[in-house]
A.B. asks: 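Below you will find the structure I want to go over with you.
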Amino acid sequence: MTMDLSLDTRAGLPDALRVLVRELPRTGWQTHPQFHGMVQFWLERHLMFRQLVEVLDTDVKALTEQRMSFETHAPRLSHYGGTLLNQLHGHHQIEDAHYFPQLARLDARVEAGFDLLEADHQAMDGLLHGMAEAANGLLQGGEPGRFADTLSGFAGLLNRHLEDEEEIVVPVILNSGFDG
Ligand SMILES: [Fe+2]
Ligand SMILES: [Fe+2]
């Protein structure tokens with residue numbers, strides 16, 4: 001039986017790709033001697049993406065419930081939404097071009113995981129595009145509901161990707177001492 005591992009259907013990494021995170025669970029990452037540097041930096045980038053999504057979500061709820069005016073909301077959406085889309089796009093590019101090819105060679109047990117993560121990035125290109133369109137629709141006076149729905153779908157898939165990526169990448173870096 002082949003598992004469907006596409007970003008929009010999977011509920012987490014397949015067992016075979018969880019081999020490293022089983023050996024080195026998330027709770028042990030921060031105290032690992034190799035945590036500071038690459039891993040800390042990587043996790044902070046991911047945290048920033050999650051925080052930007054959170055801000056956009058809080059804002060669009062406030063707009064919908066008329067606790068925030070359109071005039072206050074619009075520049076915030078432009079700024080935080082633009083930052084999220086640009087930074088995420090750049091982050092995927094550097095992962096695909098620079099980090100993943102090096103990291104994929106470090107532990108054969110999760111090598112296939114990097115193909116999965118790259119496929120996620122490709123899937124997310126379409127999602128980023130959809131987010132930009134929905135944000136522009138709202139900035140041009142459209143209904144907040146459409147953007148709120150698009151954001152909520154996007155947030156779920158982004159979290160799936162970030163969590164799975166962390167469970168592959170972080171143990172590889174901690175085990176190898178890779179520093180970029
Ligand atoms: Fe990624
Ligand atoms: Fe990432």
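Bear in mind the structure is a predicted one, so any value in this text is a computation, not a measurement. We count ligands from 1, going down the list as the structure has it; atoms in each ligand are counted the same way. We use all heavy atoms of the structure for the numbers below, so side chains are in, but hydrogens, waters and symmetry mates are not.
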A.B. asks: Would you find more than 12 non-hydrogen atoms of other residues, nucleotides or ligands less than 6.0 Å from Glu163 atom CD?
C.D. replies: yes
A.B. asks: Keeping waters out of it, list the protein N, O or S atoms under 2.8 Å from the Fe ion (ligand 2).
C.D. replies: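 Near the Fe ion (ligand 2), below 2.8 Å, one finds His46 NE2, His91 NE2, Glu95 OE2, Glu165 OE2.
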A.B. asks: Parallel, tilted or perpendicular for Phe100 and His121, by the 30°/60° rule?
C.D. replies: parallel
A.B. asks: Testing the basics here: between Leu139 and Ala74, what is the closest heavy-atom pair and its distance to 0.1 Å?
C.D. replies: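 Taking Leu139 first and Ala74 second, the nearest heavy atoms are CD2-O, 3.4 Å.
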A.B. asks: In sequence, state the C-alpha distance, the side-chain angles, and the governing distance for Arg109 and Glu23, and then conclude on salt bridge (Lys or Arg N to Asp or Glu O under 4.0 Å).
C.D. replies: CA-CA 12 Å; Arg109 293 174 295 169; Glu23 288 172 5; 2.8 Å; yes
A.B. asks: Stepwise, does the salt bridge (Lys or Arg N to Asp or Glu O under 4.0 Å) test hold for Arg45 with Glu165?
C.D. replies: CA-CA 12 Å; Arg45 298 290 293 165; Glu165 183 174 285; over 6 Å; no
A.B. asks: Going by the rule ring pair (Phe, Tyr, Trp, His ring centres under 6.0 Å), which residues pair with His73 if we only count those two or more places apart in sequence or in a different chain?
C.D. replies: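 Expected list: none.
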A.B. asks: With carbon and hydrogen excluded and only N/O/S kept, which atom of His121 is nearest the Fe ion (ligand 1)?
C.D. replies: NE2
